[in-house]
Participant: 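Quick one: this structure, given as structure tokens, is what I'll be asking you about.
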Amino acid sequence: MFVASTMKGQTNRGILDARLQRNLRNAPTEAERRLWSHLKSRQIEGCKFRRQHPYGDFILVFIALDRRLATELDGSPHFESAKHDEKRP
């Protein structure tokens, strides 16, 4: 997890395609599915989370904008992109 200083105005236009975000939401990994069952519907201290939110050159798995809190999950689909992940902030 990381806390970003700002969550708006830093998105790369190349990842703003709504189809990409929709596809990611509709095909979550098992880890994403399990965590989302606990994060959705303001179950944790009334905190509202979003799924697949664009930020910079990335799409964050879960984010609570009002708390400036982003959560990323690594799982089997991410093992192949470990070198890419090393470059992430």
Participant: Any side-chain heavy atom of Tyr55 sitting closer than 4.5 Å to one from Ile63?
Facilitator: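 They are not in contact (no side-chain heavy atoms under 4.5 Å apart), so the answer is no.
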Participant: Quick one, Arg50 and Phe62 - any side-chain contact, counting heavy atoms below 4.5 Å?
Facilitator: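 No, every pair of side-chain atoms sits at 4.5 Å or beyond.
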Participant: How many angstroms lie between CG in Leu35 and CZ in Arg51, if you round to the nearest 0.5 Å?
Facilitator: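 The CG atom of Leu35 sits 11.0 Å away from the CZ atom of Arg51.
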Participant: Can you give me the closest heavy-atom contact between Leu60 and Ala70, atom names plus distance?
Facilitator: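 Between these two residues, the closest heavy atoms are CD1-CB, 3.7 Å.
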Participant: I'd like a table of donor-acceptor pairs (distance under 3.5 Å, sequence neighbours excluded) in which one partner is a side-chain atom from residues 36-47, with atom names and distances.
Facilitator:
unit_1 : atom_1 : unit_2 : atom_2 : d
Ser37  : OG     : Arg34  : O      : 2.6
Arg42  : NH1    : Gly46  : O      : 3.4
Gln43  : NE2    : Ser37  : O      : 2.8
Gln43  : NE2    : Lys40  : O      : 2.9

Participant: Which heavy atom of Leu65 sits nearest a heavy atom of His53, and at what distance?
Facilitator: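 Shortest heavy-atom contact: CD2-NE2, 3.9 Å.
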Participant: I need the minimum non-hydrogen distance between Glu72 and Val61, along with the two atoms involved.
Facilitator: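 That closest heavy-atom pairing would be OE2-N, 2.8 Å.
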